[in-house]
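In what follows, chains carry the letters A, B, and so on, assigned in the order in which the sequence lines appear, proteins first and then strands, with residues in each chain numbered from 1.
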Protein chains: 4
Amino acid sequence: MAPKIVDREEKKREIVMAAMEVFSEKGVANTKMIDIARAAGIGKGTIYEYFKNKDDIFINLFELHFTEIGNAAAEVMGRYDDPAEILQQFVEITVSFLINEDHNFAEIMLDIWAEGIREHNEEINRVFNLDAVYSQYRDVIIQILQDGVDKGTFCSMDTTFTASLFIGALDGILLQWLMRKDLFDSATLTDNFMKIFINGIKKEVVK
Amino acid sequence: MAPKIVDREEKKREIVMAAMEVFSEKGVANTKMIDIARAAGIGKGTIYEYFKNKDDIFINLFELHFTEIGNAAAEVMGRYDDPAEILQQFVEITVSFLINEDHNFAEIMLDIWAEGIREHNEEINRVFNLDAVYSQYRDVIIQILQDGVDKGTFCSMDTTFTASLFIGALDGILLQWLMRKDLFDSATLTDNFMKIFINGIKKEVVK
Amino acid sequence: MAPKIVDREEKKREIVMAAMEVFSEKGVANTKMIDIARAAGIGKGTIYEYFKNKDDIFINLFELHFTEIGNAAAEVMGRYDDPAEILQQFVEITVSFLINEDHNFAEIMLDIWAEGIREHNEEINRVFNLDAVYSQYRDVIIQILQDGVDKGTFCSMDTTFTASLFIGALDGILLQWLMRKDLFDSATLTDNFMKIFINGIKKEVVK
Amino acid sequence: MAPKIVDREEKKREIVMAAMEVFSEKGVANTKMIDIARAAGIGKGTIYEYFKNKDDIFINLFELHFTEIGNAAAEVMGRYDDPAEILQQFVEITVSFLINEDHNFAEIMLDIWAEGIREHNEEINRVFNLDAVYSQYRDVIIQILQDGVDKGTFCSMDTTFTASLFIGALDGILLQWLMRKDLFDSATLTDNFMKIFINGIKKEVVK
DNA sequence: CATGAATGAGATTTCATTCAT
DNA sequence: GATGAATGAAATCTCATTCAT
C-alpha cells in the first residue's frame, strides 16, 4: 500500500517536470494540456487523475520549486557567520538553481511573476502566493543586513529597501542573462554581483 | 463625397491605450478582444479595422512604449556630463515612466519580458525584439560606465556585466515595488538605488 | 431629369460588370462586397445606393445576361428556315456569347447553375428562375426539332429529351472548354458539335 | 488501458456522408459547420478531430467519390470489347452513380465544377484536381473512340474533341435532369443519349 | 450622392474537461 | 488506472449592412 503512494507522488512529479519543460518553451498561457500530456508521454485524461486542472499543475510547480530552493537556502545559509558571506551563499544558491540545476525553471520565472502580481481567485491566492515567498526572503535578508549593520560591516541603511534591492537585482540580472546567455557566465555573475553589491553597502573606513 | 474623417493613428493609439488598461489588470493572455473593445468603448469588429489580432495590438503597445521611453531617455541624457549624474537621470526617467506617468505599463512589463525571452515567428521577432531594445540600452550604459572609468570616477570593471546589472537591478527593484507598493516610495527607490550602485562601482580613494 | 435615369442605369450596369469580373475569378460565394466595390472603383456604401444586397446584384447579372442572349437568339433565329441551320445559329450565338463576347460570364455559369438548382426564398425564386429560362429555350428547340421531324429532315424522336440533350450537351462542352481552353477552339467546337448532333438525329436515307 | 476504439476512416466517411447530405441541400458555400455536425449527429468540435476545416471535408468528398466512380468504371469497362458497348457501359455507370446510387452527389457536382475551374492554393490544387480527373476520363474515351475508328465502326474524327463532347454532353444532360427530374427517366436518358451519340459518330455505310 | 468607419450577428475554431471503455 | 474520442462553452474573426458626414 505504501509504495502506491510513493508512485503517485513520483508520477505527479514527472508530470510537473514535463509541464515545466513545455511552459519554459511556450509560456504558461500558450501551453495546452495536450502539450503537457505528450511531453509526459501519457494520455490527456491521465493528467486529471493527478491534477484538478492546469492551474493546479502550475501551483504544484510553484510549490515544488520554492520548497526546494527554500530548503536549500535555509540549510546552507545556516552554516555561515559573516553577513557578507551569507549573502554570497544566497546568491550562489539562487544562481546555481536557476542557471545550472533547474534550467527550465528560469524561463518560467517571468510567467510566475506575471501571474504573481495579479489578483486571482481565493483558491489560487492561498497557495500561489508570490508576495509571501518574497516576504520570507526579504525578512531573511533584512536580518542579515541588520546583523551586518550592527556588527559595523555594513553602513547604516534602509534595510527593507536594500533587501528588496538585493533580491530584485539578483532576479533582474538573471533576467538579463536569460535574454543573452552569451554576455557573461555564472561565475562572473556571482563574483561581480557580490563585489558591487557589498561594495555598495559596506561601511567606509575612514583612515 | 467626404465620409467621416478619422485619424487612424490616433484611433490606433486609443485602442492600444485601452488594451494596456486591460492587459495591466488581467494579463495579456487572459485578456479577450471583447474586453479591449469594451475598454475602448467600441465594437468588437472595429478592433479588426485597426489591428490584425491581439498579438498585433501587443506589438504596437511594445513599439509605442519603447519609442517614447527611448526618446525621453535620449533627450534628457544628452544634457549631462558627469557619468554618475547621467546614470541618475536614466534611473529617474525609467522610474518616472513606469511608476508615475505610465502606471499601467509597469504591470505589463512582465508579460513583455515573458514573451520577449521566447522564440516567435519571423514576423513577430522582427518588430517585437526585446533583446534589441536591451542591447541598445546596454550599449548606452556601457559607454557611460567606460567614460567614468576613463575619468577615474569609477573603478575598473567588466562594463558589459555592470551595464547588465544596472539595467537588471533597476528592472528588478521595480518588480519588487510592483508586488509591494507600500514598502518604499519612488524617491527612496531612486536615491537609495543610486547611492548603493554608485558606491558599489566608484573608485576607492586611498587616503 | 431624364438623363439622370440613364446615368443610374449605366452605373448599375457598371457595378454588375465589375461584380461579374470578381465572381468569375473568385466564385459568387467567395466574393465580398468590398471586392465588388474595389473592382467598380467605388465605395462600399455606394453599392447599396443601387442594389439592395449581394443577391440583388446576382439577380441583375442573371437578368442582364439572359435578356441579352435571349434577344440575340430570338433575333438571329428568326432569319432562318432550315431547322438544322437554326440549330447551328443557336450554337453559334451561345458559343460566341460565352467564349468570345462575354468571357467572364462563362466562368460564373456554374455558380448560376449551382444556385439555380436549389430552393431559395420567394423573392429570389420569382426573378432568378433558371428553370424558366431553360424551359423557354427547350420549348424553342422542341419546336425546331418537331419542324425538322415534320419536314422529314430529322428522324422521329422524343423531342423533349432531345431538346434537353441539345441544350445540355452545348452547356457541357462549354464546361469542358472552360477547364481546358487549349484542347480546341471555338470554330472546332461549333462545327464538330453540329456535325455530330445533326448526324445523330437526321433521317437516315435508305438507298 | 484501452480507450474507446474508433475506426477513424469509418468515422471520417460518416462525416463526409453527412456533409454531402447538407451540401446537396444548401450548397457547399451555404453550409455551416454546425449543419454538418447536426446531420452527422455529433458535436461541432468533433468535426475538427477529423478534418482541418470545411474545405478539407469538401476535398475528401471529392476524393472519395471519384475514387469510387473511377474504380467502378475501370472494373466494368474492362469487361467489354465493342467500342459502342463500352461507351454505353460508361454512360450507364455514370448515370447509375449520379441518379440512382449516390443521389446527393449529383446535386453537389455543380459546386465541384464551380470550384474546379478556379485557381486555388497549392495545397488544394494538388488534391482537388478536377482537370486531372477529366483528363483521365478523356484519355480513356479517346482510346475507345480511336479503337472504333480503327475498327471501322466510327467515322474519322477529332477524337479529343469528340471525347470532350461525350463527357460534356453526359454531364450536361444530367444537369438538365437535375433541374427537371420529371421530363425523362434514367432509362430514357441512357437509351436516347447513346442512340443519338452513336448515330452521330458512326461510319455511314454507303449502299 | 458618395463614402468608408463602425458595428454586431453569426460564422469558424480552440481546447479544457468529461467519461465510456 | 489510463486513455483519447467527444464535447460545447467561449474565444477569435468575418463581413454584410448601416449611417453620420
Side-chain angles (χ1 to χ4, degrees), chain A residues 4 7-8 11 15 29-38 40-57, chain B residues 1-8 11 15 29-38 40-57, chain C residues 4 7-8 11 29-38 40-57, chain D residues 1-8 11 15 29-37 40-57:
Chain A
K4 271 279 172 194
D7 280 349
R8 211 184 145 71
K11 188 99 179 196
I15 295 174
N30 300 316
T31 296
K32 318 298 168 216
M33 292 305 261
I34 184 71
D35 298 326
I36 299 174
R38 287 210 187 106
I42 59 175
K44 198 154 31 94
T46 310
I47 296 177
Y48 290 87
E49 297 285 326
Y50 296 90
F51 298 95
K52 221 166 60 226
N53 50 37
K54 200 163 77 172
D55 278 353
D56 197 21
I57 301 177
Chain B
M1 199 66 93
K4 202 185 302 183
I5 285 166
V6 174
D7 184 337
R8 280 189 71 81
K11 187 97 186 194
I15 296 174
N30 299 315
T31 297
K32 314 304 165 205
M33 293 306 260
I34 186 71
D35 298 327
I36 299 173
R38 288 212 185 102
I42 58 176
K44 189 164 37 83
T46 309
I47 296 177
Y48 291 91
E49 295 282 322
Y50 296 90
F51 300 95
K52 229 171 42 237
N53 50 38
K54 202 164 69 175
D55 275 355
D56 196 21
I57 301 177
Chain C
K4 273 279 173 194
D7 281 348
R8 211 183 144 71
K11 188 100 179 196
N30 300 316
T31 295
K32 318 298 169 215
M33 291 305 262
I34 185 70
D35 298 326
I36 298 173
R38 288 211 187 104
I42 59 175
K44 198 154 34 93
T46 310
I47 296 176
Y48 290 87
E49 296 285 327
Y50 297 90
F51 298 95
K52 222 166 58 227
N53 50 38
K54 199 163 78 172
D55 277 354
D56 196 21
I57 301 176
Chain D
M1 201 63 95
K4 201 186 302 184
I5 286 167
V6 173
D7 183 338
R8 280 189 72 81
K11 187 95 184 197
I15 296 174
N30 300 315
T31 296
K32 315 302 165 208
M33 293 306 260
I34 186 70
D35 298 327
I36 299 173
I42 59 176
K44 193 161 36 78
T46 308
I47 295 177
Y48 291 89
E49 295 283 322
Y50 296 90
F51 300 94
K52 230 174 39 239
N53 49 38
K54 202 164 69 175
D55 275 356
D56 196 21
I57 302 177

Tell me the interatomic distance from Asn30(B), atom CG, to dT12(F), atom C1', rounded to whole angstroms. 16 Å
NZ of Lys32(D) versus P of dG10(E): gap in Å, rounded? 11 Å
For DNA chain F, please output the secondary structure as dot-bracket, reading 5' to 3'. Pairs are Watson-Crick or G-U wobble, both atom distances under 3.5 Å; mark crossing pairs with [ ], other-strand partners with |, unpaired with a dot. .||||||||||||||||||||
Can you give each donor-acceptor pair under 3.5 Å made by side-chain atoms of residues 31-38 of chain A, sequence neighbours left out, with the distance rounded to 0.1 Å?
unit_1, atom_1, unit_2, atom_2, d
Thr31(A), OG1, Gly27(A), O, 2.8
Asp35(A), OD2, Lys32(A), N, 2.8

Starting at atom CD1 of Ile15(B), determine the distance to atom P of dA5(E), rounded to an integer number of angstrom. 12 Å
Sequence neighbours left out, cut at 3.5 Å: what donor-acceptor pairs do the side chains of residues 43-53 of chain A make with other protein atoms?
unit_1, atom_1, unit_2, atom_2, d
Thr46(A), OG1, Gly43(A), O, 3.4
Lys52(A), NZ, Glu123(A), OE2, 3.3
Asn53(A), OD1, Asp55(A), N, 3.2
Asn53(A), OD1, Asp56(A), N, 3.0

Does Ala29(C) have any side-chain contact (heavy atoms from CB on, under 4.5 Å) partners at least two apart in sequence or in another chain, and if so, which? Ala29(D)
On DNA chain F, does the nearest nucleotide to Thr31(C) precede the nearest nucleotide to Met33(B) from the 5' side, or the other way round? Give the residue. Met33(B)
Within this structure, what is the CD1-to-P distance between Ile42(A) and dT17(E), rounded to whole angstrom? 15 Å
Just to be sure I understand the geometry, which residues of residues 44-54 of chain C put a non-hydrogen atom under 4.0 Å away from DNA chain F? Lys44(C), Tyr48(C), Asn53(C), Lys54(C)
Rounding to an integer number of Å, can you tell me how far Ile36(C) CD1 sits from dG4(E) P? 16 Å
Taking the nucleotide of DNA chain E with the nearest heavy atom to each, does Ile34(D) or Gly43(B) sit closer to the 5' end? Gly43(B)
